[in-house]
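The next block holds one structure in the form of structure tokens; read it before the comments.
Being a predicted model, the structure only gives us computed values, none of them experimental. Here is the naming used below: chain letters follow the sequence lines, and residue numbers restart at 1 for every chain.
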Amino acid sequence: MKYNIPRGTFDILPKDSYKWQFVMDSFRKVASRFGYEEITTPIFEVAELFERSSGESSDVVQKEMYRFSDRKERTFALRPEGTAPVVRSYVENHLDVLSSRTKLFYIGPMFRYDRPQAGRYRQFYQYGIEFIGSDNPYYDAEVIAIEMLWLKELGLKNLRLELNSVGCATCAADYEAALREFFRPNLDKLCPDCAKRFDIKPRRLLDCKVPSCKPFRSGAPAQLDYLDAHCKEHFAKVCDTLTAMDIAYTINPSIVRGLDYYTNTAFEVIYDGLGAQNSLAGGGRYNGLIEQIGGKSIPAIGFAGGFERLLIALEQEGIQLGTRPVPDAYLICLGDKARAGIMPYLNALRQKDVYVDYDPDKSSLKALFKAADTSGARFALIVGDSELEAKQVNLKNLQTGEQVSLPLDGGEAVVQVLKS
RNA sequence: GUGGGUGUAGUUCAAUGGUAGAGCACCGGAUUGUGGUUCCGGGCGUUGUGGGUUCGAGUCCCAUCACCCACCCCA
């Protein structure tokens, strides 16, 4: 019986895995430069955690969550996003007591039952940042700065940072009420999707792509006009701080985050050239979430980004992502005696941190050299019965063809050449 | 969940309804101790799967699965 990988998932094969490691390490380094520390939570949680935090009406909860129950009929879900688990852990482990400011980042797989598409998978890998403990607009900018600085360092150009504010809970409610008033007269003329959105998430009416819906939204109220004084000032300060940090952005009033817990700042990093799924990262402030899932009322902000899309973008720009390891040397062993006698030497080299490739199944010199070439090793170590007898090893530079005879000692002589 | 496209060797692709092929890759060999070039040799693959039409199906029809793209949604 042959088996297939589950739909919407993928294997990271050796020819690519070094790139993933490179990018993940790179993110870890940048995050720690800003004082953020890694947190790892389980890939499944009690389903209710997501239902409560993301919102019962959100698509993520309604149709995209992998739910399952265990043998004791407890209902769990594979995590569809990273923020709720981090906040759960924050509350559960009383991280707020240790410090009033908590800086966390995470890396790991998320799961969403979606129809796969370019840049969209059912199991996908995210990196994320969460700052917990202050409503200061500086932190909104800091969190955004991490992402933008990182992408810039990786060499990514043609990025767009889009910014919006959805206000606090009361501003948002005021605005949604205004939107409903605005659309209500034409409700019966809107597409069926919009009719649903009218009740659940009226903001979505603003970016419906059905042509017949478009005319009805000219003159619609804008969220930014419905911010109260405090929210308005907060947003202005975020903008100012970004400008002071030399981070370019555009304000896009139609940015809506999919999850219910967002307040105030919402942002998205767009890279054109990814197809329809052109969002590299997105996030925002969630001042009410911690209290909502059992903690104190503590403001926070964060974002998450997708590694698959980032890798697509980086490769599209022709950016080199580390290099696949190649052997320092390839050991060519001729004769049964040599093969048996060489083990201590092979072992010694590896203990000295030399990457030596060796294949005991190949015996013809031609095949061995061919293998040495394709391995990418710069050097071949050639040992036959006579060399073993004389305690010598031939070290051949595969590029120049130069060959020298060195003592077959504990590896010191060879290491000296290899590392030079 | 809805729509469109595509499924042939490890891979990239051929094959007017009439015997399934090629390039690349891979393995071996060209006096069993010095490679990358060249030459020679090596492939029966349930043509994704299951039905149907036909004397005959990789080719036409239906179903199913998978992949790609888009809607939706988002990372």
Name the nucleic acid region contacted by A:A372, choosing base, sugar-phosphate or nothing; use a 4.0 angstrom heavy-atom cut-off, strictly under. nothing
A:L334 or A:Q126: which one's nearest nucleotide on RNA chain B is closer to the 5' end? A:L334
Hey, can you pull the residues of residues 377-394 of chain A with a non-hydrogen atom under 4.0 angstrom from RNA chain B? A:I382, A:G384, A:D385, A:S386, A:E387, A:N394
d(A:L310 CG, A:E147 CD) to nearest 0.5 Å is 7.5 Å
I need the CD-P distance between A:E147 and B:rA75, as an integer number of Å. 12 Å
Nearest to the side chain of A:E308, which nucleotide is it out of B:rA75, B:rU38, B:rG28? B:rA75
Check for me whether the distance between the ring centres of A:F44 and A:F68 falls short of 6.0 Å. yes
Taking A:R112 first and then A:E81, would you say they form a salt bridge - that is, a charged N and a carboxylate O separated by under 4.0 Å? no
Give me the distance, rounded to whole Å, that separates B:rA57 from B:rC62 when you measure between the C1' atoms they each carry. 15 Å
Check the geometry between A:F124 and B:rA75 and answer yes if their rings are stacked (centres below 5.5 Å, planes below 30°), otherwise no. yes
So, applying side chain to side chain contact (heavy atoms under 4.5 Å, CB included) with A:I301, which one of A:V143, A:I132, A:N264 is it? A:V143
Which value, in whole Å, describes the distance between the C1' atoms of nucleotides B:rU49 and B:rG7? 11 Å
More than 12 heavy atoms of other residues, nucleotides or ligands under 6.0 Å from CZ of A:R52: is that the case? no
Taking 4.0 angstrom as the limit, do A:E37 and A:K103 come out as a salt bridge? no
Classify the side chain of A:K366 and the base of B:rG28 as holding, or not holding, a donor-acceptor pair under 3.5 Å. no
Review item, nucleotides 7-9 of chain B N/O atoms under 3.5 Å of protein N/O:
none

Counting Watson-Crick and G-U wobble pairs whose two distances are both under 3.5 Å, find the runs of 3 or more in a row that involve RNA chain B. B:1-7 with B:65-71, B:10-13 with B:21-24, B:26-30 with B:38-42, B:48-52 with B:60-64
With a 4.0 Å cut-off on heavy atoms, is A:L398 in touch with a base, just the backbone sugar-phosphate, or nothing at all? base
At a cut-off of 3.5 Å, list every protein nitrogen or oxygen paired with a nitrogen or oxygen from nucleotides 67-73 of chain B, distance to 0.1 Å.
{"residue": "B:rC67", "atom": "OP1", "partner": "A:G8", "partner atom": "N", "Å": "3.4"}
{"residue": "B:rC67", "atom": "OP2", "partner": "A:R7", "partner atom": "NE", "Å": "2.6"}
{"residue": "B:rC69", "atom": "OP2", "partner": "A:A118", "partner atom": "N", "Å": "2.8"}
{"residue": "B:rA70", "atom": "OP1", "partner": "A:A276", "partner atom": "N", "Å": "3.0"}
{"residue": "B:rA70", "atom": "OP2", "partner": "A:Q117", "partner atom": "NE2", "Å": "3.3"}
{"residue": "B:rC71", "atom": "N4", "partner": "A:R120", "partner atom": "NH2", "Å": "3.2"}
{"residue": "B:rC72", "atom": "OP2", "partner": "A:K209", "partner atom": "NZ", "Å": "3.3"}
{"residue": "B:rC72", "atom": "N3", "partner": "A:R120", "partner atom": "NH1", "Å": "2.8"}
{"residue": "B:rC72", "atom": "N3", "partner": "A:R120", "partner atom": "NH2", "Å": "3.4"}
{"residue": "B:rC72", "atom": "N4", "partner": "A:Q117", "partner atom": "OE1", "Å": "3.0"}
{"residue": "B:rC72", "atom": "N4", "partner": "A:R120", "partner atom": "NH1", "Å": "2.8"}
{"residue": "B:rC72", "atom": "N4", "partner": "A:Q277", "partner atom": "NE2", "Å": "2.8"}
{"residue": "B:rC73", "atom": "OP1", "partner": "A:R197", "partner atom": "NH1", "Å": "2.7"}
{"residue": "B:rC73", "atom": "O2'", "partner": "A:E64", "partner atom": "OE2", "Å": "3.3"}
{"residue": "B:rC73", "atom": "O2", "partner": "A:R120", "partner atom": "NH1", "Å": "2.9"}
{"residue": "B:rC73", "atom": "N3", "partner": "A:Q277", "partner atom": "OE1", "Å": "3.1"}
{"residue": "B:rC73", "atom": "N4", "partner": "A:Q277", "partner atom": "OE1", "Å": "3.4"}
{"residue": "B:rC73", "atom": "N4", "partner": "A:Q277", "partner atom": "NE2", "Å": "3.4"}

With a sphere of 6.0 Å drawn around CD of A:E402, does it hold more than 12 non-hydrogen atoms of other residues, nucleotides or ligands? no
Above 12 or not: heavy atoms from other molecules or residues under 6.0 Å from OH of A:Y113? no
How far does the P atom of B:rU8 sit from the matching atom of B:rU46, given to the nearest Å? 12 Å
Please enumerate all residues that pass salt bridge (charged side-chain N to carboxylate O under 4.0 Å, His left out) together with A:D174, with sequence neighbours excluded. none
Electrostatic pair A:E317:A:K157 at N-O distance under 4.0 angstrom: no
For B:rC73 versus B:rA15, give the span between their P atoms, rounded off to a whole number of Å. 42 Å
For B:rG28, take OP1 and OP2 only and decide whether either is under 4.0 Å from a side-chain N or O of A:K370. no
Give every residue pair that meets the ring-ring contact (aromatic ring centres under 6.0 Å, His included) criterion with at least one member in residues 149-194 of chain A, sequence neighbours excluded. A:F27-A:W150, A:Y127-A:W150, A:Y175-A:Y226
